[in-house]
2 protein chains.
Amino acid sequence: MSPAERPYHHGDLRHAAIQEAVRAIAEDGLGALSLRDLARRLGVSHAAPTHHFGDKAGLLTAVAAEGYRLLAAELRRAYERTGDFLEVGVAYVRFATRHQPYFDVMFRPDLYHQDDPELTEAREQSSSMLYGPVSKYPGAGSERQVREAGVAAWSLVHGLATLYLNGALPPKLGKDPERIARSVAAYLFAGSRV
Amino acid sequence: MSPAERPYHHGDLRHAAIQEAVRAIAEDGLGALSLRDLARRLGVSHAAPTHHFGDKAGLLTAVAAEGYRLLAAELRRAYERTGDFLEVGVAYVRFATRHQPYFDVMFRPDLYHQDDPELTEAREQSSSMLYGPVSKYPGAGSERQVREAGVAAWSLVHGLATLYLNGALPPKLGKDPERIARSVAAYLFAGSRV
DNA sequence: CGGGTAACTTGCCACTGTAAAGATGGCGGG
DNA sequence: CCCGCCATCTTTACAGTGGCAAGTTACCCG
């Protein structure tokens, strides 16, 4: 749509801005994201996004919330399809690598409004999908053990994902994040697995 | 030293800048770090730091390199003192939480010059301290197994550290990162440990 | 002691995020 | 039917940022 035929009212700027922000981050990285550049991409004035999100942090809050919703959905799907706890971890790594823009924003809490209700609700959805399956694990013990085991699992896949994205893993591991996740995650609870 | 009596040549601006940058990050976060504010803190002109580091990225490169050197030293000390592989992991988490400014910079490679020779050398020191102890572990198998087990261990402690720093862990775990690390890391290789 | 050079300063530019005030146009009540 | 309201978007302005270029200072070495 050329500037000439662009209507005064965009129609759905909020959603378009979130989508375009994700695309921009995917192209140039989170650090290079600029509200003004985003507005240029969208063909609106530089203050238009601010009107919808209040803040740059407000925009990133919306991106993070959307990210947590997507993550929760993917984790749920993985668990329901396989019933396997390990596959939830693999799905976590897959999400991080396939949706890096979301993942980057989600774990940079200094960049968004952590107390936003929409965000906290989405984050809790994700959390429950991470801890839930652990408690149903056959050898699950006390509440405290379940919690610690869940943190161990989450830490492992989260660390693996971030190290992968940072290019900090040994090259010999290959480049397929899902395969790496499956191999590496097997070392968790090794011995206690059947 | 008041501006009046401050000499034209600072004397050791490079080291002072790195130190002050770390302090500034500790106070206001990495995102709020500004070269100009840093210069103000140091009582020099806004372009003085640039002269030594070329770039904002150059400054952060120096910070990251220093961070990797510190990390390598702490990991080495932990291993030499205890001989325990798990204690190296605990030392990793301790470093991340006690030297958060360094840790933050180190794992934000988009912010610095990754090809800097001083940096890569320091990073390799850290890497060898992480992978080395694993290969000496009693039950160590093939080269590939050692590599994957090392990545699993590194991922777990790295993920734990970043999640802790992000405030993403369940509050019931408590607030002592070292204690948490010891409890959680025990789930790695569980069963294969003596 | 004099010149060369590293260290630092000053001034400038393009860019950013945010705030305030003005312009536009869709939409519901009269 | 149309008129005023108001959300949406634009325009303008401002303080702050990083980076560059040109000028200034003072140390060091021959």
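A, B, ... follow the sequence lines: proteins, then strands. Residue 1 opens every chain. Values reported hereafter were calculated over all heavy atoms of this structure, with side chains retained and with hydrogens, waters and symmetry mates removed. This one's a predicted model, so the numbers in the text were calculated from it and none came from an experiment.
By the salt bridge (charged side-chain N to carboxylate O under 4.0 Å, His left out) test, B:Lys175 is found to be paired with no residue, residues two or more places apart in sequence or in another chain being considered. Shown here are the ring pair (Phe, Tyr, Trp, His ring centres under 6.0 Å) partners of B:Phe95, two or more places apart in sequence or in another chain: B:His99.
Partner of A:Val90 under the side chain to side chain contact (heavy atoms under 4.5 Å, CB included) criterion, out of A:Val88, A:Leu86, A:Val93: A:Leu86 alone.
Between the CG atom of A:Leu13 and the C1' atom of D:dT8 there is a distance of 9 Å, rounded to whole Å. With rounding to whole Å, B:Leu111 atom CG is found 12 Å from D:dG18 atom P. Note: NE2 (A:His113) to P (C:dG17) measures 14 Å, nearest angstrom. If you measure from atom CZ of B:Arg36 to atom C1' of C:dC8, you get 15 Å, rounded to the nearest angstrom. In this structure, CZ of B:Arg40 is placed 14 Å from P of D:dA15, rounded to the nearest angstrom. Taking atom CG of A:Asp12 as the reference point, atom P of D:dT8 lies 11 Å away to the nearest angstrom. Per the geometry, CG belonging to A:Asp37 stands 9 Å off P belonging to C:dG17, to the nearest Å. Between the CG atom of B:Leu35 and the P atom of C:dT9 there is a distance of 14 Å, given to the nearest Å.
Smallest separation of non-hydrogen atoms from A:Arg14 and A:Phe53: O-CZ, 3.7 Å. The two residues A:Arg76 and A:Met129 have their closest heavy-atom pair at CA-CE, 3.2 Å.
A heavy-atom distance below 4.0 Å to DNA chain C is reached by these residues of residues 46-57 of chain A, ordered by number: A:His46, A:Asp55, A:Lys56.
Regarding contacts with the backbone of D:dT11, every side-chain N or O of A:Ser45 stays at 4.0 angstrom or more from both OP1 and OP2. Between B:Ser34 and D:dG16, a side-chain N or O to OP1/OP2 separation shorter than 4.0 Å is absent.
Taking the side chain as every heavy atom from C-beta outward, A:Gln100 and A:Ile25 never approach each other to under 4.5 Å.
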